[in-house]
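None of the values given here were measured: they were computed from a predicted structure. Throughout, protein chains are lettered first and strands after them, A, B, ... in sequence-line order, and every chain is numbered starting at 1.
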Amino acid sequence: MKKAIAAGVLLALLFAAAGWNIRRVNRFTDEMVAQVELSRDFCREGNLSAAASALNAAMDRWREAEPWTHIFIRHGELDAVSDAFFDVLIQLGARDADAAEGAYERLEENLRCIDDLEQLSLGTVF
Amino acid sequence: MAIVLLRTIIIYTTLLLCMRIMGKRQLGELELSELVVSVLAADLASLPLQDVGIPLINGLLAILTLFCLELILSGLVLRFHRLRGLLFGRPCFLVEKGVINQKEMHRNRFTVDELTEELRRQSVTDVATVDYAVLETDGTLNVILSPAAQPVTAGQLHCETAGDGYPYILISDGRILSDNLRKCARDESWLREECRRRGAPSPADVFLLTCTPEGKIFFAPKEVNA
């Protein structure tokens with residue numbers, strides 16, 4: 001019975017860690033979306049160089065978190081976000097604000113998708 | 001992470017219930033939960049290995065969850081006897097007092113062919129000699145022959161028999177197993193002497209030598225061409 005209790009405690013700890021992980025993913029993606037949104041605002045104002053530097057800062061933050069994200073998040077989703085970052089940077093480099101707007105939308109959507117897929121819901125579990 | 005945990009619990013419970021409903025025939029000498037764990041663990045472990053895009057933690061977490069569930073379940077089953085019957089079923093008599101229990105056969109989807117096959121596997125060719133055939137919870141069939149068909153034992157003949165004790169392996173392929181030598185209360189010089197008496201110059205020339213605590217020895221020398 002001692003083993004069963006220890007296993008129950010371990011399972012409870014795993015659930016607690018999972019809950020903590022959900023909150024961390026949520027906070028991290030919110031932070032990333034906010035940074036991307038800041039860059040997007042610069043882009044809307046026509047300040048493309050400020051938009052690019054804000055986006056580079058966001059990308060640096062994204063890369064900093066890679067040791068953790070690669071352990072807990074499916075690599076396909078991470079690659080999609082990284083691709084979307086580069087897409088926006090390419091459009092900003094080409095000084096095409098309209099195309100950049102679409103790329104920003106995709107980037108934010110990919111970031112939110114990571115959070116959505118970690119949240120517990122009937123859709124994600126089943 | 002939480003999704004992996006919940007999915008594992010759901011799949012484990014579903015498989016356990018489905019296998020329980022399918023009956024003992026599916027088990028093949030594993031307890032129900034053991035079979036479910038072995039079916040799942042093999043697959044869960046292989047997925048992150050095959051696809052590097054899946055974080056290894058997903059496989060590890062699922063296996064760890066299975067391990068916890070299995071331990072919790074076996075702990076609960078030890079404590080609550082009724083739960084054991086509910087989850088793993090109870091042994092059932094396919095043959096009782098020499099009569100085939102057709103209802104139990106039908107309930108366990110056991111055909112006559114399968115019954116006779118199982119009996120033959122245990123060297124029983126005549127169903128009439130079977131007193132009891134018990135289908136255990138792990139899917140094995142245990143057969144108890146009628147007294148008339150059972151081999152005579154020394155006890156029934158009122159013969160005095162002395163047990164030889166457990167034969168310990170003292171030399172395995174030329175290697176002396178010192179632990180077993182101690183258990184046999186013998187020493188190496190005795191062993192070398194026994195080898196010499198049987199024509200082997202040293203233990204290295206012996207393929208197998210076993211000895212019971214009472215001193216009954218089995219000796220097999222090494223073949224030259226082996």
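With a 4.5 Å cut-off on non-hydrogen atoms, Ile73(A) touches chain B through its backbone but not through its side chain. At a 4.5 Å heavy-atom cutoff, Leu73(B) makes no contact with chain A through either its backbone or its side chain. Contacts between Ile5(A) and chain B at a heavy-atom distance below 4.5 Å are absent for every atom of the residue. For chain B, the nearby part of Ile22(A) is the side chain; its heavy atoms alone come within less than 4.5 Å. Looking at Ala17(A), both its backbone and its side chain come within 4.5 Å of chain B, counting heavy atoms on both sides.
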Counting backbone as well as side chains, what donor-acceptor pairs lie under 3.5 Å between chain A and chain B?
unit_1	atom_1	unit_2	atom_2	d
His75(A)	N	Gly53(B)	O	3.0
His75(A)	ND1	Val52(B)	O	3.0
Glu118(A)	OE1	Met1(B)	N	3.1
Thr124(A)	O	Arg7(B)	NH2	3.0
Val125(A)	O	Arg7(B)	NE	2.8

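Across all their heavy atoms, Ala4(A) and Gly75(B) have their closest contact at CB-CA, 3.6 Å.
Enclosure of atom CZ in Phe67(B) is not indicated, since only 12 or fewer non-hydrogen atoms of other residues, nucleotides or ligands lie within 6.0 angstrom. Residue-environment remark: CZ (Phe15(A)) exceeds the threshold of 12 foreign heavy atoms within 6.0 Å.
A search for side-chain hydrogen bond (donor to acceptor under 3.5 Å, both in side chains) contacts involving Arg106(A) returns Asp87(A), not counting sequence neighbours.
From Leu11(A), atom CG reaches atom CD1 of Ile72(B) across 5.0 Å, with rounding to the nearest 0.5 Å.
Within the 4.5 Å cutoff, no side-chain heavy atoms of Ile71(A) are placed close to those of Pro55(B).
Taking Leu71(B), Leu61(B), Ile9(B), Leu69(B) one by one and counting their heavy-atom pairs under 4.5 Å with chain A, the maximum is reached by Leu71(B).
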